[in-house]
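First the structure, in the form of structure tokens, and then the observations on it.
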Amino acid sequence: MNKEEKQVLHGLYFYREMIGEEHSFTEGEIAWLIHTPLPRGRNWQDASGNLKTLSGKGDWPEEYELAGIRVLRPLTYLNEAGYIVLERRPYAGDLHIAVTRKGADYARALNSWYGRIGVWYVEHKDGIVGLLITILVSALTAIITSSN
């Protein structure tokens with residue numbers, strides 16, 4: 001999962017913190033999540049209770065024409081991976097999204113720095129980083145046990 005997908009999933013879950021509850025969102029509201037770093041996606045609602053949105057006037061200068069593609073790309077991935085249930089209603093101009101249990105668990109992990117470290121480790125443990133961490137832990141264990 002890439003950075004944009006994580007930001008969108010985190011914001012969607014912490015909007016209501018409910019699993020399986022469908023809500024209607026606009027592309028501008030999802031675009032705001034894409035451009036908001038973790039864990040600030042929890043501040044999606046403004047003081048009046050409305051969701052923050054990107055208007056396309058200065059927020060996304062030349063990219064605003066691609067807003068639909070940029071918004072649908074992470075949502076499509078999250079839907080296909082089973083983190084959300086997405087229903088597009090193009091004639092109504094909105095997106096109906098419900099977060100699944102799998103998505104809620106992942107979003108909760110992304111909410112703290114400790115959880116983000118755990119997610120990072122799980123994503124990288126099968127590569128060279130995981131091998132180096134395993135070697136480091138083994139070396140430290142050997143040093144600690146041999147000194148006693």
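By convention here, the first residue in the shown sequence is residue 1.
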Could you go through residues 72-86 and list every donor-acceptor pair under 3.5 Å that involves a side-chain atom there, pairing it with any protein atom two or more places apart or in another chain?
residue, atom, partner, partner atom, Å
Thr76, OG1, Leu72, O, 2.7
Asn79, OD1, Leu86, N, 3.2

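- Atom CG of Leu33 sits about 12.5 Å away from atom CZ of Phe14, to the nearest 0.5 Å.
- In summary, the aromatic rings of Phe25 and Trp32 are positioned with their centroids too far apart to meet the 6.0 Å limit.
- When only modelled atom types and interatomic distance are considered, Asp94 and Ser24 share a side-chain donor-acceptor pair under 3.5 Å.
- Ring-plane geometry between His23 and Tyr15 is classed as perpendicular, the angle between the planes exceeding 60 degrees on a 0 to 90 degree scale with a lower cut at 30.
- The pair Arg88-Glu27 fails the salt-bridge criterion, with no side-chain N (NZ, NE, NH1 or NH2) lying under 4.0 Å from an Asp/Glu carboxylate O.
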Quiz item: Should His10 and Glu5 be marked as a side-chain contact (heavy atoms from CB on, under 4.5 Å) after you check the CA-CA gap, both sets of side-chain angles, and the distance that decides it?
Solution: CA-CA 9 Å; His10 180 266; Glu5 292 155 356; over 6 Å; no
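- The CD atom of Glu29 sits 10.5 Å away from the CG atom of Leu12 when rounded to the nearest 0.5 Å.
- Side chain of Gln7 to backbone of Ile34: a donor-acceptor contact under 3.5 angstrom is found.
- Through direct or indirect side-chain contacts shorter than 4.5 Å among Ile, Leu, Val, Met, Phe, Trp and Tyr, Val129 is connected to Trp120, Tyr121, Ile128, Leu131, Leu132, Ile133, Ile135, Val137.
- We find the CD1-CD distance between Ile97 and Glu21 to be 13.0 Å, quoted to the nearest 0.5 Å.
- Among residues at least two apart or in separate chains, salt bridge (Lys or Arg N to Asp or Glu O under 4.0 Å) pairs with a member in residues 118-146 are Lys6-Glu123.
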Quiz item: Going through the checks in order, is the side-chain contact (heavy atoms from CB on, under 4.5 Å) test met by Arg42 and Asn111?
Solution: CA-CA 9 Å; Arg42 290 190 77 145; Asn111 197 44; 2.8 Å; yes
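- Of the inter-residue distances, the one linking Arg108 atom CZ with Asp105 atom CG reads 6.0 Å to the nearest 0.5 angstrom.
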Quiz item: Should Glu87 and Leu95 be marked as a side-chain contact (heavy atoms from CB on, under 4.5 Å) after you check the CA-CA gap, both sets of side-chain angles, and the distance that decides it?
Solution: CA-CA 6 Å; Glu87 182 183 344; Leu95 306 160; over 6 Å; no
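- Val119 and Ala109 make their closest contact through CG2-CB, 3.8 Å (heavy atoms, listed as atom of the first residue, atom of the second, distance).
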Practice problem: May I have the step-by-step check of side-chain contact (heavy atoms from CB on, under 4.5 Å) for Gln45 and Lys52, ending in yes or no? | Solution: CA-CA 6 Å; Gln45 291 180 315; Lys52 295 177 185 174; over 6 Å; no
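- Between Tyr106 and Tyr13, the ring centre distance reaches or exceeds 6.0 Å.
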